[in-house]
Amino acid sequence: MWQYTTVGNANSAYLINSVQKELTAGMIMLAVSENKLSLDDKVNKFYPNVPNGQNISVLNLLEMTSGLDPAGPMGDAPYNNDDANAQKMIQGTHF
């Protein structure tokens, strides 16, 4: 189970709600400005197993208009942002 705390270390989890959305959008736009990524790139370019990924763009993800709906828990606890958890999330996602 996650341990939410106000004091912690690099392994602590913090309840940040949707703050990560702005950080992610900023990093994506930085990559776009450096021509490392296009808003028109399709999700299946990076994750070929995502349902309907050939029709979902990076812009759709940023605008939250992808039509993807993850079901169930968000990966393992504690959550690790790695390929194994990404694949687990893809398996539980439907379009």
Side-chain angles (χ1 to χ4, degrees):
M1 194 96 251
W2 284 88
Q3 178 80 28
Y4 293 106
T5 179
T6 57
V7 178
N9 59 40
N11 295 317
S12 298
Y14 296 90
L15 186 58
I16 62 172
N17 296 325
S18 292
V19 172
Q20 77 276 8
K21 291 176 186 170
E22 289 132 10
L23 298 173
T24 301
M27 289 184 285
I28 296 245
M29 293 311 296
L30 180 62
V32 168
S33 72
E34 294 173 349
N35 294 316
K36 296 179 179 177
L37 181 70
S38 169
L39 293 177
D40 295 323
D41 283 343
K42 302 301 182 191
V43 171
N44 68 336
K45 177 179 179 179
F46 310 101
Y47 292 101
N49 297 330
V50 169
N52 206 40
Q54 72 279 5
N55 296 315
I56 300 169
S57 69
V58 170
L59 182 60
N60 290 136
L61 295 176
L62 287 175
E63 293 177 334
M64 292 193 251
T65 59
S66 69
L68 296 175
D69 183 21
M74 302 292 280
D76 298 330
Y79 183 76
N80 294 309
N81 189 14
D82 59 13
D83 192 56
N85 265 317
Q87 294 306 319
K88 188 176 195 177
M89 286 293 297
I90 289 169
Q91 296 303 315
T93 299
H94 64 275
F95 179 77

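Leu39 and Tyr47 fall within the same hydrophobic cluster, where Ile, Leu, Val, Met, Phe, Trp and Tyr residues are linked whenever their side-chain heavy atoms come under 4.5 Å apart, directly or through other members.
Summarising the geometry, atom CG belonging to Leu62 is positioned 11.5 Å from atom NZ belonging to Lys21; distances are rounded to the nearest 0.5 Å. We find the CD1-CG distance between Ile28 and Leu23 to be 12.0 Å, quoted to the nearest 0.5 Å.
For residues 53-65, no residue pair satisfies the salt bridge (Lys or Arg N to Asp or Glu O under 4.0 Å) rule, not counting sequence neighbours. Pairs engaging residues 23-35 under the side-chain hydrogen bond (donor to acceptor under 3.5 Å, both in side chains) rule: Glu34-Lys36 [sequence neighbours left out].
In this structure Asn44 satisfies the side-chain hydrogen bond (donor to acceptor under 3.5 Å, both in side chains) test with no other residue, sequence neighbours excluded. Every residue two or more places apart in sequence or in another chain that forms a side-chain contact (heavy atoms from CB on, under 4.5 Å) with Asp41 is listed here: Leu37, Ser38, Lys45, Phe46, Val58. For Glu22, the salt bridge (Lys or Arg N to Asp or Glu O under 4.0 Å) test picks out no residue, with sequence neighbours left out.
Evaluated for a side chain to side chain contact (heavy atoms under 4.5 Å, CB included) with Thr65, the options Leu59, Ile56, Asn60 yield exactly one hit, Asn60.
Taking all atoms of both residues into account, the shortest heavy-atom contact from Gly53 to Lys42 is O-CB, 3.6 Å.
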